[in-house]
Amino acid sequence: MNIYDFDGTIYRGDSSIDFYFYVLKKKPSLVKFLPTQFGGVFLYLCGIIDKTQMKERFFCFLTAVNSSELVETFWDENQRKVYGWYLAQHRDEDIIISASPEFLLRPICDRLGITCLIASKADPHTGRFEGENCRGKEKAVRLRQEYSVTHFEKFYSDSKTDQSLAEMAEQAFLVKKGMMRRWPGNSRQNSCPHP
């Protein structure tokens, strides 16, 4: 099996940010949440709250929208941002692991025929997280818990914070703007795929 990060890896951009601006464009009154959102970023940068708490404050705007309907129309417009190199090598057994919310990524995974998704569990109506933000080492923890996987064939990510997953892969690749290279310091690798 192959494992992929989503944002910045197989998707051009950050789906959470893109979704926020998509919703804000449709409902400008959501600017009323900006003080809470900016406050969350400030407290995170000061080390007062963790990333999960900061993301909860970012997603507070969900209390004022019908997210399930908006997610579908969001992907109608943004599915084109999934990189062609991924579509060309997609396998049924692929696993997507992402820090973005599961409610946001499940519809696009269904459209792409991806059944295995591990993502942050957030309430689509409140933005409240159930458990930790699925980032960094937490991704490896969730992979072991949900699929009992301890090693796999290939891993792709745009972020070195995913080092723990890269170490579990036979081959790991760092992806930047749709281009990839071997993961730095991973001596187990043999070749680089050509998207």
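We're numbering straight along the sequence, starting at 1.
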Report yes if some heavy atom in the side chain of F59 is under 4.5 Å from a heavy atom in the side chain of S16; otherwise report no. yes

Please tell me if the side chains of L117 and E102 come closer than 4.5 Å, counting only heavy atoms from C-beta onward. yes

Stepwise side chain to side chain contact (heavy atoms under 4.5 Å, CB included) test for L70 and Y22: CA-CA 9 Å; L70 288 166; Y22 172 81; 4.3 Å; yes

Between F173 and F155, is the gap from one ring center to the other below 6.0 Å? no

Validation row: L62, T126 side chains within 4.5 angstrom (heavy atoms): no

Over all heavy atoms of both residues, which pair between L165 and A140 is shortest? Give the atoms and the distance, please. CD2-CA, 3.8 Å

Do the side chain of K55 and the main chain of A99 share a donor and acceptor less than 3.5 angstrom apart? yes

Answer yes or no: is there an ion pair linking R135 with D162, defined by an N-O contact shorter than 4.0 Å? no

With no hydrogens and no angle check, is any side-chain donor or acceptor of E72 less than 3.5 Å from a backbone partner on E69? no

Check whether more than 12 heavy atoms from other residues, nucleotides or ligands sit under 6.0 Å from atom NZ of K177, and answer yes or no. no

So does R91 have more than 12 non-hydrogen atoms from other groups sitting under 6.0 Å from CZ? yes

Does K81 pair with D14 as a salt bridge, N-O distance under 4.0 Å? no

Trace of the side chain to side chain donor-acceptor pair (under 3.5 Å) decision for T161 with S159: CA-CA 5 Å; T161 62; S159 175; 2.7 Å; yes

Quick one, R111 with D76, criterion salt bridge (Lys or Arg N to Asp or Glu O under 4.0 Å). Give me CA distance, side-chain angles, the key distance, then yes/no. CA-CA 10 Å; R111 293 179 186 208; D76 289 342; 2.8 Å; yes

Heavy atoms, side chains only, cut-off 4.5 Å: are I97 and I95 in contact? yes

Side chain to side chain donor-acceptor pair (under 3.5 Å) evaluation trace for Q163 with W183: CA-CA 9 Å; Q163 178 68 29; W183 195 275; 2.7 Å; yes

Are L104 and F21 connected in the hydrophobic side-chain network, where two residues link if heavy atoms are under 4.5 Å apart? yes

So does S15 get a backbone contact from the side chain of D7, meaning a donor-acceptor N/O pair under 3.5 Å? yes

If every non-hydrogen atom of R57 is compared with every non-hydrogen atom of T36, which pair is closest and at what distance? CB-O, 3.9 Å

Checking S98 side chain against A119 main chain: does a donor-acceptor pair fall under 3.5 Å? no

Determine yes or no for a side-chain-to-main-chain donor-acceptor pair under 3.5 angstrom, with E56 supplying the side chain and F129 the backbone. yes

Between Y11 and Y83, ring centroids under 6.0 Å: no

Hey, are the side chains of C116 and Y147 touching, using non-hydrogen atoms and a 4.5 Å cut-off? yes

With clusters defined by side-chain heavy atoms of hydrophobic residues (ILVMFWY) lying less than 4.5 Å apart, directly or transitively, does I118 cluster with V141? no

Do the rings of W85 and Y156 sit parallel, tilted or perpendicular, given the 30° and 60° boundaries? tilted

Check whether N78 reaches the backbone of W75 with its side chain - one donor and one acceptor, N or O, closer than 3.5 Å. no

Are the side chain of K160 and the backbone N or O of L174 linked by a donor-acceptor pair below 3.5 Å? no

Flag the pair C60 / Q37 as yes when at least one side-chain heavy-atom distance between them is below 4.5 Å, and no otherwise. yes

What I want to find out is whether K121 reaches E132 closely enough, with some N-O distance under 4.0 Å, to be called a salt bridge. no

Under 3.5 Å donor-acceptor, E170 side chain and E153 backbone: no

